[in-house]
Amino acid sequence: FFPYYPAEGQSSIQRHWADFRPIKDLNSPNLVCNDPGSVAEKTATILAGSEIKAYYPGWPHDIGPVIVWMAHCGSEPTSCSTFNGTGKHWFKIQEVGLQNGTVRYGQWALKDLLAANYTWSTTIPAALEQGAYLIRHEIIALHVPFEPEFYPECAQLWVVGGGAQRPADSYLASIPGMYSEKGKWSLGNCF
(Lines give C-alpha, C1' and ligand atoms only; values in the text may rest on other atoms or scores of the structure.)
Protein backbone atom coordinates (compact mmCIF):
# COMPACT_ATOMS: atom_id res chain seq x y z
CA PHE A 1 0.00 0.00 0.00
CA PHE A 2 1.30 3.44 -0.88
CA PRO A 3 0.31 6.35 1.37
CA TYR A 4 -0.40 9.76 -0.15
CA TYR A 5 -2.06 8.07 -3.12
CA PRO A 6 -5.83 7.50 -3.16
CA ALA A 7 -6.78 4.16 -1.61
CA GLU A 8 -9.19 3.55 -4.46
CA GLY A 9 -7.54 1.37 -7.06
CA GLN A 10 -4.86 0.03 -4.72
CA SER A 11 -4.97 -3.67 -3.90
CA SER A 12 -2.68 -4.90 -1.16
CA ILE A 13 -2.33 -7.22 1.84
CA GLN A 14 -1.19 -4.19 3.86
CA ARG A 15 -3.65 -2.26 5.98
CA HIS A 16 -4.09 1.32 4.78
CA TRP A 17 -2.26 4.26 6.30
CA ALA A 18 -2.35 7.93 5.38
CA ASP A 19 1.20 9.29 5.71
CA PHE A 20 4.60 8.92 7.35
CA ARG A 21 3.77 10.68 10.63
CA PRO A 22 4.73 8.70 13.73
CA ILE A 23 2.27 7.62 16.39
CA LYS A 24 3.27 9.23 19.69
CA ASP A 25 0.10 8.76 21.75
CA LEU A 26 0.49 5.41 23.51
CA ASN A 27 -3.26 5.18 24.07
CA SER A 28 -4.23 5.86 20.46
CA PRO A 29 -6.09 3.15 18.53
CA ASN A 30 -3.75 4.11 15.66
CA LEU A 31 -1.00 2.29 17.56
CA VAL A 32 -2.61 -0.96 16.36
CA CYS A 33 -2.09 -0.69 12.57
CA ASN A 34 -1.29 3.00 11.94
CA ASP A 35 -3.65 5.77 10.85
CA PRO A 36 -6.30 4.82 9.78
CA GLY A 37 -5.27 1.13 9.68
CA SER A 38 -8.30 0.22 7.61
CA VAL A 39 -8.81 -3.25 6.18
CA ALA A 40 -6.71 -4.41 3.22
CA GLU A 41 -8.18 -5.72 -0.02
CA LYS A 42 -6.16 -8.94 -0.06
CA THR A 43 -4.85 -11.66 2.23
CA ALA A 44 -1.58 -13.47 1.53
CA THR A 45 -1.34 -17.22 2.05
CA ILE A 46 1.87 -18.24 3.80
CA LEU A 47 3.19 -21.57 5.03
CA ALA A 48 3.93 -21.70 8.77
CA GLY A 49 7.71 -21.76 9.21
CA SER A 50 8.23 -19.62 6.10
CA GLU A 51 10.01 -16.30 5.93
CA ILE A 52 8.15 -13.08 5.23
CA LYS A 53 9.79 -9.78 4.33
CA ALA A 54 8.65 -6.24 5.02
CA TYR A 55 10.02 -3.48 2.83
CA TYR A 56 10.54 0.12 4.01
CA PRO A 57 11.80 2.00 0.94
CA GLY A 58 13.81 5.06 1.92
CA TRP A 59 13.54 4.57 5.69
CA PRO A 60 15.73 7.37 7.16
CA HIS A 61 16.44 6.46 10.82
CA ASP A 62 19.04 4.04 12.17
CA ILE A 63 18.41 4.18 15.93
CA GLY A 64 15.71 1.94 17.32
CA PRO A 65 14.24 -1.56 17.55
CA VAL A 66 12.05 -3.59 15.24
CA ILE A 67 9.37 -5.75 16.86
CA VAL A 68 7.09 -8.13 14.98
CA TRP A 69 3.73 -9.17 16.40
CA MET A 70 0.86 -11.35 15.23
CA ALA A 71 -2.81 -11.52 16.20
CA HIS A 72 -5.26 -14.31 15.40
CA CYS A 73 -8.27 -12.94 13.48
CA GLY A 74 -10.27 -16.15 13.13
CA SER A 75 -10.53 -19.51 11.40
CA GLU A 76 -11.66 -18.35 7.94
CA PRO A 77 -9.35 -16.82 5.28
CA THR A 78 -11.40 -13.61 5.32
CA SER A 79 -11.61 -13.27 9.13
CA CYS A 80 -9.21 -10.30 9.24
CA SER A 81 -11.68 -8.21 7.21
CA THR A 82 -13.87 -7.87 10.32
CA PHE A 83 -11.08 -7.74 12.95
CA ASN A 84 -9.72 -4.35 14.03
CA GLY A 85 -6.93 -5.72 16.26
CA THR A 86 -7.63 -3.54 19.29
CA GLY A 87 -7.23 -5.40 22.57
CA LYS A 88 -5.32 -8.32 24.06
CA HIS A 89 -4.76 -10.38 20.91
CA TRP A 90 -1.09 -9.74 20.09
CA PHE A 91 1.84 -12.10 20.50
CA LYS A 92 5.42 -11.22 19.70
CA ILE A 93 7.32 -13.41 17.25
CA GLN A 94 10.50 -11.32 16.92
CA GLU A 95 12.26 -8.40 18.54
CA VAL A 96 15.66 -6.93 17.85
CA GLY A 97 16.85 -3.84 19.69
CA LEU A 98 20.28 -2.55 20.67
CA GLN A 99 22.66 -5.39 19.87
CA ASN A 100 25.85 -3.73 21.11
CA GLY A 101 27.34 -0.33 21.83
CA THR A 102 25.63 2.78 23.15
CA VAL A 103 22.20 4.19 22.43
CA ARG A 104 23.52 6.80 19.98
CA TYR A 105 26.39 4.89 18.43
CA GLY A 106 25.40 1.26 18.85
CA GLN A 107 24.25 -1.43 16.47
CA TRP A 108 20.45 -1.19 16.39
CA ALA A 109 17.94 -3.29 14.49
CA LEU A 110 17.23 -0.28 12.26
CA LYS A 111 20.86 -0.27 11.10
CA ASP A 112 20.32 -3.90 10.06
CA LEU A 113 17.16 -2.89 8.18
CA LEU A 114 19.03 -0.18 6.27
CA ALA A 115 21.92 -2.54 5.48
CA ALA A 116 19.44 -5.10 4.09
CA ASN A 117 18.15 -2.68 1.44
CA TYR A 118 15.31 -1.43 3.70
CA THR A 119 14.05 -5.00 4.22
CA TRP A 120 13.17 -6.82 7.42
CA SER A 121 12.87 -10.63 7.43
CA THR A 122 10.82 -12.63 9.93
CA THR A 123 9.90 -16.30 10.17
CA ILE A 124 6.30 -17.27 10.88
CA PRO A 125 6.30 -19.77 13.80
CA ALA A 126 6.35 -23.30 12.36
CA ALA A 127 3.93 -24.75 14.93
CA LEU A 128 1.36 -21.94 14.57
CA GLU A 129 -2.23 -23.10 14.14
CA GLN A 130 -3.78 -22.55 10.72
CA GLY A 131 -5.88 -19.43 10.54
CA ALA A 132 -6.19 -15.78 9.60
CA TYR A 133 -3.67 -13.49 11.29
CA LEU A 134 -2.55 -9.91 11.24
CA ILE A 135 1.20 -9.50 11.21
CA ARG A 136 2.33 -6.20 12.69
CA HIS A 137 5.79 -4.81 12.08
CA GLU A 138 6.61 -2.09 14.59
CA ILE A 139 9.52 0.27 14.24
CA ILE A 140 10.27 2.44 17.25
CA ALA A 141 12.48 5.30 16.11
CA LEU A 142 14.60 6.67 18.97
CA HIS A 143 16.51 9.43 17.19
CA VAL A 144 14.74 12.17 19.23
CA PRO A 145 15.71 11.87 22.92
CA PHE A 146 12.81 11.01 25.24
CA GLU A 147 10.30 11.05 22.34
CA PRO A 148 9.95 7.55 20.86
CA GLU A 149 8.17 7.49 17.53
CA PHE A 150 6.06 4.43 16.73
CA TYR A 151 5.59 3.27 13.14
CA PRO A 152 3.28 0.23 13.11
CA GLU A 153 2.25 -1.48 9.87
CA CYS A 154 -0.08 -4.47 9.54
CA ALA A 155 -0.72 -7.01 6.81
CA GLN A 156 -3.34 -9.73 6.50
CA LEU A 157 -2.18 -13.36 6.34
CA TRP A 158 -3.74 -16.79 5.95
CA VAL A 159 -1.30 -19.17 7.67
CA VAL A 160 -1.42 -22.80 6.51
CA GLY A 161 0.50 -26.02 7.11
CA GLY A 162 1.43 -25.32 10.72
CA GLY A 163 0.82 -27.20 13.90
CA ALA A 164 -1.92 -26.82 16.46
CA GLN A 165 -0.42 -24.11 18.64
CA ARG A 166 -1.67 -20.68 19.49
CA PRO A 167 -0.07 -18.62 22.26
CA ALA A 168 -1.46 -18.91 25.76
CA ASP A 169 -3.04 -15.84 27.31
CA SER A 170 0.19 -15.14 29.22
CA TYR A 171 1.90 -14.40 25.88
CA LEU A 172 -0.75 -11.94 24.68
CA ALA A 173 -0.41 -8.17 24.86
CA SER A 174 -3.00 -5.46 24.41
CA ILE A 175 -2.58 -2.78 21.77
CA PRO A 176 -2.96 -0.05 22.82
CA GLY A 177 -2.01 -0.68 26.42
CA MET A 178 1.29 -2.55 26.28
CA TYR A 179 3.42 0.59 26.68
CA SER A 180 3.36 3.26 29.37
CA GLU A 181 4.91 6.71 29.39
CA LYS A 182 6.72 6.00 32.63
CA GLY A 183 9.57 4.37 30.77
CA LYS A 184 8.69 0.78 31.62
CA TRP A 185 7.74 -1.21 28.57
CA SER A 186 6.13 -4.56 29.13
CA LEU A 187 7.01 -6.57 26.04
CA GLY A 188 6.56 -10.07 27.41
CA ASN A 189 8.06 -13.15 25.81
CA CYS A 190 8.25 -14.21 22.19
CA PHE A 191 5.97 -17.07 21.13
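In this text, all values refer to a predicted model and were calculated from it rather than measured experimentally. These values consider heavy atoms only, across backbone and side chains, with no hydrogens, waters or symmetry-generated copies.
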- Message: Quick check for you: to the nearest 0.5 Å, what is the distance between D35 atom CG and W17 atom CH2?
- Response: 11.0 Å

- Task: Return the set of residues passing side-chain hydrogen bond (donor to acceptor under 3.5 Å, both in side chains) with H72 (not counting sequence neighbours), or none when no residue passes.
- Result: R166

- I135 and I93 have their tightest heavy-atom pair at CD1-CD1, 4.4 Å

- Task: State, yes or no, whether a side-chain contact exists between Y133 and E129 at a heavy-atom distance under 4.5 Å.
- Result: yes

- Task: Go through the structure and list residues passing side-chain hydrogen bond (donor to acceptor under 3.5 Å, both in side chains) with H61, not counting sequence neighbours.
- Result: H143

- Note on the structure: What one should report as the nearest heavy-atom pair of G162 and A48 is CA-CB, 3.4 Å

- Task: Determine whether V159 and V39 fall in the same hydrophobic cluster, where Ile, Leu, Val, Met, Phe, Trp and Tyr are linked whenever their side-chain heavy atoms lie under 4.5 Å apart.
- Result: no

- Applying side-chain hydrogen bond (donor to acceptor under 3.5 Å, both in side chains) to W120 and not counting sequence neighbours gives Q94

- Message: Listing request: all salt bridge (Lys or Arg N to Asp or Glu O under 4.0 Å) pairs with a residue in residues 56-84, at least two apart in sequence or in separate chains.
- Response: none

- Message: Using side-chain heavy atoms (C-beta onward) and a distance below 4.5 Å, is E51 in contact with T122?
- Response: no

- Query: Do E41 and H16 have side-chain N/O donor and acceptor atoms under 3.5 Å apart?
  - Reply: yes

- Return each pair, listed once, that meets disulfide bond (SG atoms under 2.5 Å apart) where at least one residue sits in residues 115-149; pairs must be two or more places apart or across chains. none

- Cluster question for you: counting only ILVMFWY and a side-chain heavy-atom cut-off of under 4.5 Å, with indirect links fine, are I13 and L47 together? no

- For the hydrophobic clusters of this structure (ILVMFWY residues joined by side-chain heavy atoms under 4.5 Å, transitively), does one cluster hold both Y118 and V68? yes

- Note on the structure: One should read off an interatomic distance between T119 OG1 and W59 CH2, to the nearest 0.5 angstrom, of 14.0 Å

- Item | For Y105, the rest of its hydrophobic cluster, which grows through side-chain links under 4.5 angstrom | none

- Listed partners of W158 passing ring pair (Phe, Tyr, Trp, His ring centres under 6.0 Å), at least two apart: none

- Query: Looking only at heavy atoms, what is the nearest atom pair of E149 and P22, with distance?
  - Reply: CB-CB, 3.4 Å

- Message: Run the side-chain hydrogen bond (donor to acceptor under 3.5 Å, both in side chains) test against Q130 and tell me which residues pass, sequence neighbours left out.
- Response: none

- Task: Answer yes when E153 and R15 have at least one side-chain N-carboxylate O distance shorter than 4.0 Å, and no when they do not.
- Result: no

- Task: With sequence neighbours excluded, give me every disulfide bond (SG atoms under 2.5 Å apart) pair touching residues 29-64.
- Result: C33-C154

- Task: Could you check I139, I23, V66 and say which one makes a side chain to side chain contact (heavy atoms under 4.5 Å, CB included) with Y151?
- Result: I139

- Judged by atom type as modelled, is there a donor-acceptor pair below 3.5 Å linking the side chain of Q156 to the main-chain atoms of A40? yes

- Query: About how many Å separate NZ of K24 and CG of N30, when rounded to the nearest 0.5 Å?
  - Reply: 14.5 Å

- Does R136 use its side chain to pair, donor to acceptor, with the backbone of V32 at less than 3.5 Å? yes

- Message: Distance check, rounded to the nearest 0.5 Å: I63 atom CD1 versus T102 atom OG1?
- Response: 8.5 Å

- Query: Say you draw a straight line from CG of N84 to CG of L134; how long is it, rounded to the nearest 0.5 Å?
  - Reply: 9.0 Å

- Message: Under a 3.5 Å distance rule, please check whether W69 uses its side chain to pair with a backbone N or O of H89 as donor and acceptor.
- Response: no

- Would you say M70 and L157 make side-chain contact, with heavy atoms under 4.5 Å? yes

- Task: Would you indicate whether the side-chain heavy atoms of D25 and F150 approach each other to under 4.5 Å?
- Result: no

- Roughly how far, to the nearest 0.5 Å, is the CG atom of L142 from the CG atom of L110? 8.0 Å

- Task: With the side chain counted from C-beta on, respond yes when V103 and W108 share a heavy-atom pair under 4.5 Å apart, and no when they do not.
- Result: yes

- Query: Where is the tightest heavy-atom contact between L172 and P167, given as atom of each residue plus distance?
  - Reply: CD2-CB, 4.3 Å

- Message: Between T43 and T78, is there a side-chain heavy-atom distance shorter than 4.5 Å?
- Response: no

- Under the side chain to side chain contact (heavy atoms under 4.5 Å, CB included) rule, what do L113 and Y56 come out as? Steps first, then yes or no, please. CA-CA 8 Å; L113 183 139; Y56 294 87; 3.6 Å; yes

- Check whether any side-chain heavy atom of I52 lies under 4.5 Å from a side-chain heavy atom of I124, and answer yes or no. yes

- Dump the intermediate steps for side chain to side chain contact (heavy atoms under 4.5 Å, CB included) on Q165 and L128, then the final yes or no. CA-CA 5 Å; Q165 293 184 6; L128 191 61; 5.9 Å; no

- Is there a path of hydrophobic side-chain contacts, each under 4.5 Å between heavy atoms of I, L, V, M, F, W or Y residues, that connects I46 with Y55? yes

- Provide the closest heavy-atom pair for P176 versus T86 in the form atom of the first, atom of the second, distance. CD-CG2, 4.1 Å

- Residues two or more places apart in sequence or in another chain: which of them pass side-chain contact (heavy atoms from CB on, under 4.5 Å) with A126? none

- With sequence neighbours left out, write down each residue that passes side-chain contact (heavy atoms from CB on, under 4.5 Å) with N117, or none if nothing qualifies. none

- Message: Do W90 and M178 have side chains that approach each other closer than 4.5 Å (heavy atoms only, starting at C-beta)?
- Response: no

- Pairs meeting criterion disulfide bond (SG atoms under 2.5 Å apart) with involvement of residues 55-85, two or more places apart: C73-C80

